[in-house]
Amino acid sequence: MFHANKQSILSHLILLYGLLVMSANAETKKVSFADFDKRAKAGERLTVVFFGASLTYGANASNHAQTSYRARVAQKLDAKYPAAHFSYVDSSIGGTGSDLGVFRLERDCLAYNPALVFVDFSVNDGLNVDKPKKFATYESIVRRIVLKGSLVIPVIFPFHHDAEPGTAKNMPGRTKHIKIAEAYNAPVGDAVLRIQNMVAEEKATIKKTGKKPEKILTKRIWNIDYIHPGDFGYEIFADAAWGAFEKGIKDKMVCEIPEKMLHADTYMSWSRTRISQFGTLPKGWKVTTVSRTAAWYDGYMARYLDDVVIATGRTKNIEPIIVKFKASFVMIYGQETTDSGKYQIILDGKERKVINLNSKRYGGNRQHYETIAGLDPSKIHTLEIRPILTAREVIRLESICLAGGEAKIVK
């Protein structure tokens, strides 16, 4: 018996040592642009993922598959490496930030085993605001990409109001995202500074010559609305992203993992659990397919949700979804649809908020996510989701996402 126990202990020690070595190797992983260049020239099959929001999709582009920034970058890669076999993945959801990105990263990006990932969340996270939580979510995405063994290029794109020359250096969100990129030795596609310099040059020319162009530069870039550029603007965005890639190749940059994170490591511990996988659903709920229509293509949630659980107002006495968990952050992820109603969030026996899921204001279906942060990760919390529906209304939810501490559902 004693001998068997010794053997068992020895086996566990060996396993533990192996896990520690694997962990140490993962934390010191380095990814080289020179290696990407070599593999592409050799004609290997390489996947490039564009991970972000509506500016990644190409909202307002005349043809998102041809004139968006990601399409133009893909065209440049194809031209530079004619022997390579590239697969390009559009992983964009409009109107979302890195807080949702944390829980999408594995399914919608890393699962493709990308050789290179372009990350766009900076403007949606807020270029002009100082939000520690957002910096933590953004850094966790960058870190996990490099841990996967993929190259990462953060891209920083502006809205119209971000184009005023001289303001870039005073944007805390932009500054912190650049510092994160520097910490991981990743080149940055900074279209903010690029466009501000172009605007400054135009203003100097106008002042010098006294002659205004037929159409001011910012009007040419944002020719439809003040958020999403048109084709000309996306061409500038692509030039910034491509410039970062070329710098990585020229300088033989190597993405690496700093020993310590710049921001809180809260979102390095995470989980995303589909409600359909909980077991027996509460009365009034059933599993169904994701809606096949949307207000806009990057809101087409069948791309990003595997299924949803649905409750309808026609059903009497719908029971709440009740989840016990340990984490410091919880997110409810699902769909807003044109026939959606409301739901009440009760956390640890107290009402936190009532959420209106109806997406009629957007003219169609889209994504939904609601977050609660600042919880004690050492305690077991109880989340209740109580539908508030009229007879014609429904509610569609996909998953419960957790971060911080153990980030786990408690049975």
Side-chain angles (χ1 to χ4, degrees), residues 25-52 55-56 68-92 98 101 105 108-122 138-157 174 176-194 235-259 261-262:
N25 287 341
E27 288 298 319
T28 56
K29 182 169 286 186
K30 297 181 179 181
V31 193
S32 166
F33 275 86
D35 181 60
F36 180 95
D37 185 59
K38 180 181 177 180
R39 293 172 65 193
K41 286 177 177 175
E44 288 193 30
R45 296 185 179 278
L46 301 170
T47 298
V48 179
V49 175
F50 298 89
F51 191 52
L55 297 181
T56 290
S68 61
Y69 110 83
R70 59 183 170 81
R72 293 183 184 279
V73 168
Q75 291 158 12
K76 291 175 185 291
L77 282 168
D78 288 339
K80 184 177 179 69
Y81 301 107
H85 296 79
F86 288 115
S87 294
Y88 300 109
V89 179
D90 164 27
S91 185
S92 59
S98 62
L105 182 65
D108 301 337
C109 176
L110 300 184
Y112 293 97
N113 294 313
L116 172 63
V117 182
F118 290 86
V119 177
D120 145 48
F121 288 115
S122 298
Y138 185 87
E139 183 180 0
S140 74
I141 288 172
V142 173
R143 192 177 188 89
R144 285 167 58 197
I145 289 171
V146 182
L147 277 171
K148 179 71 172 181
S150 306
L151 293 169
V152 61
I153 297 179
V155 291
I156 305 178
F157 299 147
R174 171 184 172 274
K176 292 288 178 66
H177 281 195
I178 288 175
K179 287 187 179 298
I180 289 170
E182 290 173 348
Y184 291 80
N185 203 34
V188 180
D190 184 6
V192 175
L193 187 60
R194 180 179 290 252
E235 186 175 348
I236 298 173
F237 286 10
D239 288 343
W242 184 249
F245 175 77
E246 295 251 276
K247 176 178 173 57
I249 298 296
K250 178 177 178 292
D251 296 349
K252 298 182 178 179
M253 295 179 70
V254 179
C255 294
E256 53 191 7
I257 304 290
E259 183 177 348
M261 293 183 70
L262 276 64

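- Residues E139 and K176 are not paired through a salt bridge, judged by the lack of any N-O separation under 4.0 Å between the basic side chain and the carboxylate.
- Considering every non-hydrogen atom in both G149 and V31, the closest pair reads O-CG1, 3.5 Å.
- Side-chain atoms of R70 come within 3.5 Å of backbone N or O of T56 as a donor-acceptor pair.
- Once rounded to the nearest 0.5 Å, the distance linking NE2 of H85 with OG1 of T47 reads 12.5 Å.
- In terms of modelled atom types and a separation under 3.5 Å, the side chain of Y88 and the main chain of A74 share a donor-acceptor contact.
- Here D37 does not pair with K252 in a salt bridge; the nearest charged N to carboxylate O distance is not below 4.0 Å.
- The two residues L262 and K179 make their nearest non-hydrogen contact at CD2-O, 3.8 Å.
- Rounding to the nearest 0.5 Å places NZ of K41 at 6.5 Å from NZ of K80.
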Report task. Go through the steps to decide whether H177 and V142 satisfy the test side chain to side chain contact (heavy atoms under 4.5 Å, CB included), and finish with yes or no. Result -> CA-CA 10 Å; H177 281 195; V142 173; over 6 Å; no
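- The aromatic rings of F36 and F245 stand perpendicular to each other, their planes meeting at an angle above 60°, with 30° marking the opposite boundary.
- Contact detail for R143 and M261: the closest heavy-atom pair is NH1-CG, 3.4 Å.
- Y69 and F50 have perpendicular rings, their planes meeting at more than 60° on a 0 to 90° scale where under 30° would count as parallel.
- Minimum heavy-atom separation, I141 to G101: CD1-C, 3.7 Å.
- How far CG of N113 is from CZ of R45: 14.5 Å, rounded to the nearest 0.5 Å.
- Note: D120 CG to L55 CG = 5.5 Å, rounded to the nearest 0.5 Å.
- Here the closest non-hydrogen pair linking M253 and N185 is CE-O, 3.5 Å.
- Separating the CG atom in L151 from the CG atom in L116 is a distance of 6.0 Å, to the nearest 0.5 Å.
- Listed for the S68 side chain is a donor-acceptor partner under 3.5 Å among the backbone atoms of A71.
- Judged by distance alone, with hydrogens and angles left aside, the side-chain atoms of S91 form no donor-acceptor pair with the main-chain N or O of C109 at under 3.5 Å.
- The nearest pair of heavy atoms linking A84 to A40 is CB-O, 3.4 Å.
- Across F121, Y112, F118, a single residue satisfies ring pair (Phe, Tyr, Trp, His ring centres under 6.0 Å) together with F51, and that is F121.
- In this structure, the side chains of P258 and Y184 come closer than 4.5 Å at one or more pairs of heavy atoms.
- The CD atom of E44 lies 10.5 Å from the CZ atom of F86; values are rounded to the nearest 0.5 Å.
- Annotation for K247: atom NZ does not count as buried by contact number, only 12 or fewer foreign heavy atoms lying within 6.0 Å.
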